[in-house]
Amino acid sequence: MDKKTLEQEKKYLSKVFKEIDTVKAKNSKRIQKNKESIDSHKRFFADSYYDLHSGDGDEFANEDEFASVNIQIENLEKHNEMFEKENKRLTKQKKNPYFGRFDFTSEKETLPQPYYIGLGLVQTENKENLIYDWRADICSLYYDDSLGKTSYTCPDGVIKGETTLKRQYKIENGELSYYIDSNMVIDDDILMEQLSKNATSKMHEIVSTIQKEQNKLIRAEDFQNTIVQGVAGSGKTSIAMHRVSYLLYKYRNTLKSEDILILSPSEVFSDYINEVLPSLGEEKSFSTTFTSMAKRLLSDEFETREELLERVIGHGTQKDFENIAIKSSFEFLEELKNFLKNDLCNLFIPKTLSFGEVVIPKEELSDIYFVRLKSLPVHKRIEVLAEHINENFSVPEECKADFLKRTKKVLYQKFLTTDVLKIYNLFLSSQELDEIEKVGAYDVAPMLLIKEALLGLKNTYEAKYVVVDEMQDYTPCHIHLFDKIWKCSKLYLGDINQSIDRTLPQSYLTNLAKLCKAKVKYLNKSYRSTLQISLFSQKILGKHIANNVNRNGEAVEFVKTKNCVNELERIVSKMEDKKQSVAIICKTNEQIKLLQKQSGVLKKFKQLNGNKSAGRKIITTPAQAKGVEFDCVIIPFADSTTYKNELDRNLLYVSSTRALHKLFFVCDKRPCKFLTKSI
């Protein structure tokens, strides 16, 4: 590092620290002043309450004055929320005010201007930007381009110019440790340092190491539905969270955190990601799971996906897998759509309705329902019919809603049945499939589609943007249902190679894109695991699907032992000495129970079973571990009797890709065939 440049950078950092303290102090004074004004206004309310209700004076004038004061209080409270939020962000940002800089000369300028980039804006009282928010339009230059002629897009149009410097910083404990000038962002040294860190119980922001291909997805300007097919460790979920943050910044006047919904694979995963947006200076978005949502929308009890996986992975029959294959197919959805368009509508049997002197002939009902409204779903036809019937009555305005509700109830009584399960069984029978008594995991979405068409769904999950994670866990019926529930833009994220209950070919993505009218983007570079772990995992899968960052680590270890429990305890003890997070990933919950029964050490491991539970020592299954990462992963019982078919191969692949730094396989029998090719 050049000594003169280093001193200049240290001087700038000192200026930034001073300005952050100045802004925080001013905000604190504003907060205190506003609190005093709020207290004063509230005392006015208290002192004037008697005058308003005693009948003395101009009551209406007082009411107007009270309303005005109330608005002032609300405005002051909003300002204080804004100041407090900014101070909280600045306190966090002061630990690492900025991570990068680039110098850019626009066509209208003669000298390059320096742009420092951090988590948020730091501005002087004279509106001089000391640090730019990483989401600002001009900051795309830092992530996207190398030095030389370039351009960026902003509300004023396309700004052309030249980038002449890119610099990265390492700031710790208020000191500039070093800086690196680099032609391409992000420099390997800083990226490797971040990737080499130990896993934490929460996902963290990655603004200082966002890569070019990730940045394109984060800053995409169109709101077209998008499918992101990304290999394990490519940063899919991080990208989604940073895109949400970018959208909240870009469209802050029309889009709020509560307008965004994240459909997570599990409560565990929701807990894992819930600090990312706050760390980026935004409020948490609403996150839920499909199971949680379905329990509100469907009255029938049903098998959850976790219960299905435990059943079929451990003791699945050929019939089980055939059932999954059929109900998760695009053909199944198409047949269901045809059923809803035709057979479901025909369950309505029009009859003449008599309401005193008012008579509605069945021919009239039939004509409206079957002819005039034939393009509408059943529940819309019933609504229109009910409104048509109500036009024949002189009903007071305040009674219309109740009368309409009663009319719809009468009309639904003219259906052969409105029981969703019975109707679903009619559909299954029409497809020569077995009827069901208990609702399985892959029956839930088709039944909700039937309910949506027949009765409409009372959606309590309104959103302007939806993120659907682990999209390979959903069937075409699920995806079609999501389009029915949310008419807004959606971002689907997943990896077809991590499907653990069915095998998905490459053509699945093409068909999925057609179904939800989406474009497909690919992320083929893996950042999570060491090179050794990533290459080993791909050998398990039997194909090369990922490019890897060149982060070397220890070799993957396969341990043949006479006692799995003793060997697991030995490895755990060794890893704990290194203060690393350890996950033992078993194939089934039965294996977990067996290990915990035989070992007091392993009994203390927390089990991820759908609840919000995470820590440094985890024992879990592949289904629950998806999306989460650990320093060390141990896979026990990795033998030929436990892992034998193609789906078992996927389970091993998913489990192995959870490891950041160290991966062990342990077995007391002949190793499974997927490992023998890799060892």
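For reference, positions follow the sequence shown, starting with 1.
Rounded to the nearest 0.5 Å, atoms CD1 (I533) and CD (Q538) are 12.5 Å apart. Atom CD of Q168 and atom CD1 of I180 lie 6.0 Å apart (nearest 0.5 Å). The distance from the OG1 atom of T642 to the NZ atom of K669 is 6.0 Å, given to the nearest 0.5 Å. Atoms OG and CG, from S656 and L663 in turn, are 6.0 Å apart once rounded to the nearest 0.5 Å. For the atom pair CD1 (I117) and CH2 (W134), the distance works out to 11.0 Å, reported to the nearest 0.5 Å. Atoms CD1 and CG, from I485 and L263 in turn, are 9.0 Å apart once rounded to the nearest 0.5 Å.
With N650 contributing its side chain and I500 its backbone, the two residues share no donor-acceptor pair below 3.5 Å. Remark: side-chain polar atoms of S534 are not paired, donor with acceptor, to backbone N or O of S529 under 3.5 angstrom. With hydrogens and angles ignored, the 3.5 Å screen pairs a side-chain donor or acceptor of S257 with a backbone N or O of E283. No side-chain donor-acceptor contact under 3.5 Å links E172 to the backbone of S177. Formation of a donor-acceptor pair under 3.5 Å by the S329 side chain with backbone atoms of I326 is found in this model. Under the 3.5 Å distance criterion, the side-chain polar atoms of D639 are matched with a main-chain donor or acceptor of T641. H544 contributes a side-chain N or O that, together with a main-chain N or O of A546, makes up a donor-acceptor pair within less than 3.5 Å. Looking at T317, its side chain does come within 3.5 Å of a backbone N or O of D320 through a donor-acceptor pair. Side-chain atoms of D259 come within 3.5 Å of backbone atoms of K256 as a donor-acceptor pair (strictly under, hydrogens ignored). Checking side-chain atoms of E590 against main-chain N and O of G314 turns up no donor-acceptor pair under 3.5 Å.
Note: F99 and Y143 have tilted aromatic rings, judged against thresholds of 30 and 60 degrees for the angle between ring planes. Aromatic ring pairs are classed by plane angle as parallel below 30°, tilted from 30° to 60° and perpendicular above 60°; the pair Y474 and F290 is perpendicular.
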Start with the C-alpha distance between I436 and L421, add both sets of side-chain angles, then the distance that settles side chain to side chain contact (heavy atoms under 4.5 Å, CB included), and finish with yes or no. CA-CA 8 Å; I436 62 169; L421 180 56; 3.9 Å; yes
What do the steps show when you test R305 against E470 for salt bridge (charged side-chain N to carboxylate O under 4.0 Å, His left out), and what is the final call? CA-CA 13 Å; R305 177 174 168 77; E470 301 292 351; over 6 Å; no
Let me see the working for H242 and S245 under side chain to side chain donor-acceptor pair (under 3.5 Å), right down to the final yes or no. CA-CA 5 Å; H242 286 70; S245 175; over 6 Å; no
Check the pair T475, K327 against side chain to side chain contact (heavy atoms under 4.5 Å, CB included), reporting the backbone distance first and the verdict last. CA-CA 8 Å; T475 69; K327 293 180 180 179; over 6 Å; no
Stepwise, does the side chain to side chain contact (heavy atoms under 4.5 Å, CB included) test hold for R551 with R528? CA-CA 9 Å; R551 181 168 72 89; R528 178 187 294 135; 6.0 Å; no
Kindly indicate, with the supporting measurements, whether the criterion side chain to side chain donor-acceptor pair (under 3.5 Å) is fulfilled by E213 and N524. CA-CA 10 Å; E213 74 276 10; N524 296 322; over 6 Å; no
In sequence, state the C-alpha distance, the side-chain angles, and the governing distance for K521 and T226, and then conclude on side chain to side chain contact (heavy atoms under 4.5 Å, CB included). CA-CA 7 Å; K521 298 293 182 179; T226 303; 4.0 Å; yes
How far apart are the C-alpha atoms of T657 and S537, what are their side-chain angles, what is the distance that settles it, and do they pass the side chain to side chain donor-acceptor pair (under 3.5 Å) test? CA-CA 6 Å; T657 57; S537 301; 5.8 Å; no
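The side chain to side chain contact (heavy atoms under 4.5 Å, CB included) search around S599 returns V565, E569, V601, L602, not counting sequence neighbours. With sequence neighbours excluded, no residue forms a side chain to side chain contact (heavy atoms under 4.5 Å, CB included) with K88. Qualifying salt bridge (Lys or Arg N to Asp or Glu O under 4.0 Å) partners for K319, counting only residues two or more places apart in sequence or in other chains: D434. Contacts of Y249 classified as side chain to side chain donor-acceptor pair (under 3.5 Å), with partners at least two apart in sequence or in another chain: none. Residues meeting the side chain to side chain contact (heavy atoms under 4.5 Å, CB included) test with L594, sequence neighbours left out: Q598, F637. Q498 meets the side chain to side chain donor-acceptor pair (under 3.5 Å) test with D495, R658; sequence neighbours excluded. Under the rule for a side chain to side chain contact (heavy atoms under 4.5 Å, CB included), the partners of A518 that lie at least two apart in sequence or sit in another chain are N225, I227, C516. Shown here are the side chain to side chain donor-acceptor pair (under 3.5 Å) partners of K587, two or more places apart in sequence or in another chain: D648. Applying the ring pair (Phe, Tyr, Trp, His ring centres under 6.0 Å) criterion to Y522, with sequence neighbours excluded, gives no partner residue. For S526, the side chain to side chain donor-acceptor pair (under 3.5 Å) criterion is met by no residue, not counting sequence neighbours. In terms of the salt bridge (Lys or Arg N to Asp or Glu O under 4.0 Å) criterion, E322 has no residue partners (sequence neighbours excluded).
When all heavy atoms of Q624 and V628 are compared, the closest pair comes out as O-CG2, 4.4 Å. Closest heavy-atom contact between A623 and L309: CB-CD1, 3.5 Å. In terms of heavy-atom proximity, A463 sits nearest to L261 at CB-CB, 3.9 Å. Heavy atoms only, all atoms of each residue included: I324 and D501 are closest at CG2-O, 3.7 Å. Taking each heavy atom of P622 and C586 in turn, the nearest pair found is CD-O, 2.9 Å. Taking every heavy atom of both residues into account, K236 and G494 meet most closely at CD-O, 3.3 Å.
Atom CG of N552 sits in a crowded spot, with more than 12 heavy atoms from other residues, nucleotides or ligands closer than 6.0 Å. Counted within 6.0 Å of NZ on K593, heavy atoms from surrounding residues, nucleotides or ligands total 12 or fewer; the atom is thus considered open. When the shell of 6.0 Å around NZ of K85 is examined, it contains more than 12 heavy atoms from other residues, nucleotides or ligands.
Both cation-pi conditions hold for K662 and F664: the charged atom is under 6.0 angstrom from the six-membered ring centre and inside a 45 degree cone around its axis.
In this structure, D668 and N563 have side chains that are not in contact, with every pair of non-hydrogen atoms separated by 4.5 Å or more.
In this structure, a donor-acceptor pair under 3.5 Å is present between the side chains of S581 and D631.
Note: Y643 and F665 fail the aromatic proximity criterion, with ring centroids not under 6.0 Å apart.
Pairs passing the salt bridge (Lys or Arg N to Asp or Glu O under 4.0 Å) check and including a residue from residues 558-567, sequence neighbours excluded, read E567-R570.
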